[in-house]
Amino acid sequence: MFYKDLEDRKQKVIKYIKKNPKATYRDLRKDLHTKIYKVYKKGMSEAFKEAGIKPPRSFKHKTKEENRKLIIEYIKKNPGVGGHTIAKKLKRNPSNFFKTIKKAYKEAGIDYEKYRQNIKTNKSKEKKRKEIVKLIKKNPTITMKEIESKLNIKLINYFLSFAEIYEKAGIKKLSQGERIKIRKRNRVIDFIKKNPLATQREINKACKTKVQSIFKKRIFEAYKKAGIKYPFERLKLYGTALKEIKKRARDFEEQIAVILSGYGNVNRLVKTKRGVADIILERKNEKVVIEIKDYQNKEISFSQVRQLNKYLEDLDINLGLLICHKKPKKDSFLIGKNKIFILEKQELDKISKIV
């Protein structure tokens, strides 16, 4: 049944096709509210012919067998393709021509299960590769072992090298030394965030590093990167305390020097090749190098013994004394030809026996 205003509609269709040479049946129905078979008996092919425009495609209807062959050829060229993709690309639903997609694959001579499994594996692998790249972007210092542990994988199954991951992430590859330094910085920053009043000594001990060597502006830069204001008030208090400590140490040295003067001639602050010795005591033609340590909360360590031994070597003297408030369990040392004794203040009367 044709429209009553047939001629008028024909003119509109011809004009539309001339203006839109790729027009479809749906376009005419949508824009002109016209069903082409109610205007032209042979449909779109006749409309294009009358408009004098070469049709963009064949409007000839394919037989069921032709459609089946078309789908089979597409599968051969794209093994692993799904029914949804076939319908979208060919404008033909495979379920209209085959009982199942497996049947279509079988007629194409392709193992459906094998190809679908490969695609599933490839998709899973690509997904994991994206996860790896995401981890590197988030944390460029992450190690191979950390990635493998976090994702429960073997990295070699996804990338040939660590450099390839960095390249994929669009990040410059960091050297081992750079990664270690950044990780140390991050540890320090995290520690400061949790301990905003931490001193440099406390940070170094807790993070097993040296803040002054991993930050250009030292402790101040570390606090800034942690987003925490540096506690300058504490610095003032520390400066005051430091002055008190120095004064107390000087007073202790004065006390010891006065006591030692009762045992012989006392020479103070004697320069050596590798430092300054606190006191050189001369008694009965013998010389003793003496170091005084006003340590309140820690014992004498072997590093102080080594330092005193250096003074003995520089001055060619064989006897040295370390005087402190609290001596360690081991209080005498023999280093080569040099003898070193550690004494507490109340033991100074032993000097007459030692020398």
Mind running side-chain contact (heavy atoms from CB on, under 4.5 Å) on L312 and I335 for me, showing each step along the way?
CA-CA 10 Å; L312 293 176; I335 304 175; over 6 Å; no
Can you name the nearest heavy-atom pair linking [X] to [Y], along with the distance?
{"X": "V211", "Y": "R218", "value": "CG1-C, 3.9 Å"}
{"X": "I110", "Y": "I75", "value": "CD1-O, 3.7 Å"}
{"X": "F2", "Y": "Y37", "value": "CE2-O, 4.0 Å"}
{"X": "Q304", "Y": "K293", "value": "CG-CE, 4.0 Å"}
{"X": "T34", "Y": "V13", "value": "CG2-CG2, 4.3 Å"}
{"X": "K22", "Y": "D27", "value": "O-OD2, 4.2 Å"}

Those residues at least two apart in sequence (or on a different chain) that pass side-chain hydrogen bond (donor to acceptor under 3.5 Å, both in side chains) with S261 are none
With sequence neighbours left out, the residues meeting side-chain hydrogen bond (donor to acceptor under 3.5 Å, both in side chains) with R274 are E313, D314
What distance do [X] atom [atom1] and [Y] atom [atom2] have between them, rounded to the nearest 0.5 Å?
{"X": "R29", "Y": "I36", "atom1": "CZ", "atom2": "CD1", "result": "12.0 Å"}
{"X": "K30", "Y": "T24", "atom1": "NZ", "atom2": "OG1", "result": "9.5 Å"}
{"X": "L155", "Y": "L160", "atom1": "CG", "atom2": "CG", "result": "10.5 Å"}
{"X": "K41", "Y": "E46", "atom1": "NZ", "atom2": "CD", "result": "9.0 Å"}
{"X": "N204", "Y": "T209", "atom1": "CG", "atom2": "OG1", "result": "6.5 Å"}
{"X": "K193", "Y": "K225", "atom1": "NZ", "atom2": "NZ", "result": "11.5 Å"}

Without placing hydrogens or testing angles, list every side-chain donor-acceptor pair under 3.5 Å for residues 280-287, not counting sequence neighbours.
| residue | atom | partner | partner atom | Å |
| --- | --- | --- | --- | --- |
| E282 | OE2 | N267 | ND2 | 3.1 |
| R283 | NH1 | Y263 | O | 3.1 |

**Item:** K69 vs E66, salt bridge (charged side-chain N to carboxylate O under 4.0 Å, His left out): CA-CA, chis, key distance, verdict
**Value:** CA-CA 5 Å; K69 285 181 179 179; E66 285 174 331; over 6 Å; no
Less than 4.5 Å apart, any side-chain heavy atom of [X] and any of [Y]?
{"X": "R268", "Y": "E254", "result": "yes"}
{"X": "L6", "Y": "K10", "result": "yes"}
{"X": "I153", "Y": "I132", "result": "yes"}
{"X": "D278", "Y": "I323", "result": "no"}
{"X": "E131", "Y": "L135", "result": "no"}
{"X": "L28", "Y": "M44", "result": "yes"}
{"X": "M144", "Y": "I147", "result": "no"}
{"X": "Y158", "Y": "V133", "result": "no"}

Hydrophobic cluster (4.5 angstrom, side-chain heavy atoms) - remaining members for L334: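 Traced through the cluster, L334 reaches no other member.
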Ring pair (Phe, Tyr, Trp, His ring centres under 6.0 Å) pairs touching residues 186-218, sequence neighbours excluded, are none
For residues 327-355, the ring pair (Phe, Tyr, Trp, His ring centres under 6.0 Å) pairs (sequence neighbours left out) are F302-F333
When the side chains of residues 76-87 are checked against the rest of the protein, which donor-acceptor pairs come out under 3.5 Å, sequence neighbours left out?
| residue | atom | partner | partner atom | Å |
| --- | --- | --- | --- | --- |
| N78 | ND2 | Y74 | O | 3.0 |

Those residues at least two apart in sequence (or on a different chain) that pass side chain to side chain contact (heavy atoms under 4.5 Å, CB included) with I171 are I136, K137, Y166, A169
V276: which residues meet the side chain to side chain contact (heavy atoms under 4.5 Å, CB included) condition with it, sequence neighbours left out?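 Expected list: L269, K271.
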Is it true that a side-chain atom of Y223 and a backbone atom of P196 form a donor plus acceptor pair closer than 3.5 Å?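 Yes, the answer is positive, given that a donor and an acceptor are paired below the 3.5 Å cut-off.
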TODO: Would you confirm whether Y40, through its side chain, and S45, through its main-chain N or O, come within 3.5 Å as a donor-acceptor pair?
DONE: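 Pair absent, no side-chain N/O of Y40 close to backbone of S45.
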Quick note, salt bridge (charged side-chain N to carboxylate O under 4.0 Å, His left out) partners involving residues 335-352, not counting sequence neighbours, are D316-K337, K327-E347, E347-K350
| said: Suppose the criterion is salt bridge (charged side-chain N to carboxylate O under 4.0 Å, His left out): which pairs have a residue in residues 84-105, not counting sequence neighbours? | reply: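 Output for this query lists K102-E113.
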| message | Can you confirm whether E167 is buried at CD, in the sense that more than 12 heavy atoms of other residues, nucleotides or ligands lie under 6.0 Å from that atom? | response |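 Atom CD in E167 is not packed in, count stays at 12 or less.
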* To do: Evaluate the criterion side-chain contact (heavy atoms from CB on, under 4.5 Å) for residue pair N20 and D31; output intermediate values, then yes/no.
  => CA-CA 11 Å; N20 304 280; D31 297 337; over 6 Å; no
From CA spacing to verdict: salt bridge (charged side-chain N to carboxylate O under 4.0 Å, His left out), K194, D190
CA-CA 6 Å; K194 294 174 185 175; D190 288 340; over 6 Å; no
| said: Please determine whether salt bridge (charged side-chain N to carboxylate O under 4.0 Å, His left out) holds for the pair R68 and E65, giving the CA-CA distance in whole Å, both sets of side-chain angles, and the decisive distance to 0.1 Å. | reply: CA-CA 5 Å; R68 282 166 62 85; E65 191 55 37; 3.6 Å; yes
The complete set of side-chain hydrogen bond (donor to acceptor under 3.5 Å, both in side chains) pairs with one or both residues in residues 145-154, sequence neighbours excluded, reads T143-E146
- request: Indicate if I180 and I189 have the same hydrophobic cluster label, given that clusters are the connected sets of ILVMFWY residues with side-chain heavy-atom separations under 4.5 angstrom.
  value: no
message = Set out, in order, the CA-CA distance, both residues' side-chain angles and the distance that settles side-chain contact (heavy atoms from CB on, under 4.5 Å) for L32 and R9, then state yes or no.
response = CA-CA 9 Å; L32 300 182; R9 286 185 183 259; over 6 Å; no
| task | Begin with the C-alpha distance, continue with both residues' side-chain angles, and end with the deciding distance and a verdict on side-chain contact (heavy atoms from CB on, under 4.5 Å) for Y311 and N338. | result | CA-CA 11 Å; Y311 295 158; N338 299 334; over 6 Å; no
